[in-house]
Amino acid sequence: MPGGIVGYVLGTADTARFAGRFREEWLPLVADKYPLVASGAGGRPANPDERMADNLHHPERMVIPALAPWPAHLHIDILPAYQRRGLGRQLIAAFLAALREAGVPAVHLGMATANVKARAFYDRVGFEVIDVPGASADATYLGLRL
Ligand SMILES: CC(C)(COP(=O)(O)OP(=O)(O)OC[C@H]1O[C@@H](n2cnc3c(N)ncnc32)[C@H](O)[C@@H]1OP(=O)(O)O)[C@@H](O)C(=O)NCCC(=O)NCCS
C-alpha cells in the first residue's frame with residue numbers, strides 16, 4: 001500500500017444534480033469517443049462495452065424517484081488483497097462524515113443482489129434495504145440516514 005492506491009470511495013451529495021451536470025457538462029466531452037452502439041436484438045446493447053456506453057448516454061437512469069429521500073449516492077471498491085482489513089469501513093466513514101458536514105440527509109447505493117459479500121459489508125456499516133417498486137430482482141438498493 002505505501003505509495004500505491006488500493007481502493008476508492010466516490011459519490012455525489014445530490015444524485016439528481018449530478019445527473020443533470022453529467023448530461024450538460026461531461027457527456028458532450030466524451031460522447032464522440034464512446035458512441036451509443038446497440039448491436040443486440042431489438043436495438044439492445046450486446047456486450048459490456050455497449051452497456052457501459054448505453055449508461056454513459058443515459059445519466060438520468062441514476063435518478064430513481066423512490067430514492068429521492070436518499071439524495072446522495074456512492075460507489076466503493078478495494079483491491080482483493082486489501083479487503084477485510086478495515087479499509088472499507090474507514091473509507092465509508094470518511095465519505096459519510098463529508099456528507100454530514102455538507103448537510104446531506106441520507107445516502108443510497110445500488111448493488112448486484114448476487115454480491116453477498118458486499119451486502120454483508122453494507123449491513124455491518126449500517127445500510128438498510130430500500131424498497132424500489134419495479135426494480136429488477138438483480139439489483140438491491142440500500143440506504144443510510146445521516
Ligand atoms: C465490499 C468492500 C468495499 C468492503 O471493504 P473491506 O475493506 O473489505 O471491509 P472492512 O474490512 O472495512 O469490513 C467492515 C465490516 O464489514 C464486514 N465485512 C466485510 N466484508 C465482509 C464479508 N465478505 N463477509 C462478511 N462480513 C464482511 C467486516 O467483518 C467488518 O465488520 P466489523 O468491523 O464489524 O468486524 C470490499 O470488500 C470490496 O471492494 N469488495 C469488492 C468490490 C465490491 O463488491 N464493491 C461493492 C460494490 S456494490
Side-chain angles (χ1 to χ4, degrees), residues 1-27 29-31 33-38 40 44-146:
M1 189 159 60
I5 294 170
V6 301
Y8 65 84
V9 63
L10 59 80
T12 175
D14 184 336
T15 300
R17 183 159 175 263
F18 177 79
R21 291 190 62 184
F22 193 108
R23 159 83 50 207
E24 298 293 324
E25 298 172 35
W26 178 245
L27 188 53
L29 302 177
V30 296
K33 192 171 176 194
Y34 302 104
L36 186 55
V37 179
R44 284 193 291 276
N47 55 52
D49 282 349
E50 290 187 6
R51 277 193 286 281
M52 291 304 284
D54 192 50
N55 284 332
L56 177 78
H57 286 264
H58 297 96
E60 294 76 16
R61 285 182 191 154
M62 285 183 256
V63 186
I64 298 173
L67 299 175
W70 294 264
H73 84 252
L74 68 83
H75 301 271
I76 183 169
D77 287 295
I78 294 169
L79 289 176
Y82 295 89
Q83 293 171 9
R84 304 298 300 266
R85 299 183 184 193
L87 295 174
R89 188 182 274 282
Q90 284 182 55
L91 286 177
I92 287 282
F95 188 73
L96 299 185
L99 292 179
R100 283 191 189 98
E101 201 169 309
V104 177
V107 57
H108 75 265
L109 61 89
M111 56 167 292
T113 304
N115 192 349
V116 292
K117 291 182 176 175
R119 179 63 193 280
F121 166 75
Y122 291 128
D123 286 350
R124 292 298 295 162
V125 298
F127 282 79
E128 294 178 338
V129 173
I130 304 172
D131 180 36
V132 175
S136 158
D138 295 341
T140 295
Y141 294 93
L142 303 176
L144 185 148
R145 296 191 189 282
L146 294 158

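Just so you know, ligand 1 is whichever comes first in the structure, and atom 1 is the first atom listed for that ligand.
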Checklist outcome for this item: Judged by heavy atoms only, the candidate from R89, R84, Q83 nearest atom 23 (N) of ligand 1 is R84
Next on the checklist: Please find the pair of heavy atoms, one from P35 and one from A53, that lie closest to each other, and give the distance.
Outcome noted: O-CB, 3.5 Å
Next on the checklist: To check you understand the geometry: which heavy-atom pair defines the closest contact between L79 and I5, and what is its length?
Outcome noted: CD1-O, 4.1 Å
Item to check | Distance-minimising heavy-atom pair for A118 and M111 | outcome: CB-CE, 4.2 Å
Item to check | Nearest-neighbour protein heavy atom for atom 44 (O) of ligand 1, which is reported as residue plus atom name and distance | outcome: N115 ND2, 2.8 Å
Next on the checklist: Give me the residue, atom name and distance of the protein heavy atom closest to atom 31 (O) of ligand 1.
Outcome noted: R124 NE, 3.5 Å
Checklist entry - Going by the atom numbers of ligand 1, which of them fall below 4.0 Å from some non-hydrogen atom of D77? => result 39 (O), 42 (C), 43 (C), 45 (N)
Next on the checklist: Distance under 4.0 Å to a non-hydrogen atom of Y122: what atoms of ligand 1 satisfy this?
Outcome noted: 46 (C), 47 (C), 48 (S)
Item to check | Nearest neighbour in protein (non-hydrogen) for atom 39 (O) of ligand 1 | outcome: I78 N, 2.7 Å
Next on the checklist: Does any part of the side chain of H58, heavy atoms only, come nearer than 4.5 Å to the side chain of L36, both counted from C-beta?
Outcome noted: yes
Checklist outcome for this item: So the atoms of ligand 1 within less than 4.0 Å of a heavy atom of R85 turn out to be 11 (O)
Checklist entry - Is there a donor-acceptor contact under 3.5 Å from the side chain of H57 to the main chain of V37? => result no
Checklist entry - For ligand 1, which atoms have a heavy atom of G88 less than 4.0 angstrom away? => result 5 (O), 6 (P), 7 (O), 12 (O)
Checklist entry - Taking 4.0 angstrom as the limit, do D14 and R21 come out as a salt bridge? => result no
Checklist entry - Of the choices Y8, F121, Y82, which has the non-hydrogen atom that lies closest to atom 4 (C) of ligand 1? => result F121
Item to check | Side chain, backbone, both or neither: Q90 near ligand 1, heavy atoms under 4.0 Å | outcome: neither
Next on the checklist: Please verify the inter-ring angle class for H108 with H73; under 30° counts as parallel, over 60° as perpendicular, anything in between as tilted.
Outcome noted: tilted
Item to check | Backbone or side-chain N or O of I76 under 3.5 Å from ligand 1 N or O | outcome: yes
Next on the checklist: Which of the numbered atoms in ligand 1 are under 4.0 angstrom from any heavy atom belonging to M111?
Outcome noted: 48 (S)
Checklist outcome for this item: Numbered in order shown, the ligand 1 atoms found under 4.0 Å of a heavy atom of G86 are 10 (P), 11 (O), 12 (O)
Checklist entry - Does a side-chain heavy-atom distance below 4.5 Å link I92 with F121? => result yes
Item to check | Side-chain donor/acceptor of Q83 to backbone N/O of I78, under 3.5 Å | outcome: yes
Next on the checklist: Counting only nitrogen or oxygen atoms and a 3.5 angstrom limit, does G110 reach ligand 1?
Outcome noted: no
Checklist entry - With side chains defined as the heavy atoms from C-beta onward, is the minimum distance between V107 and F127 less than 4.5 Å? => result yes
Checklist entry - Looking at A120, which atoms of ligand 1 are within less than 4.0 Å of one of its heavy atoms? => result 24 (N), 25 (C), 26 (N)
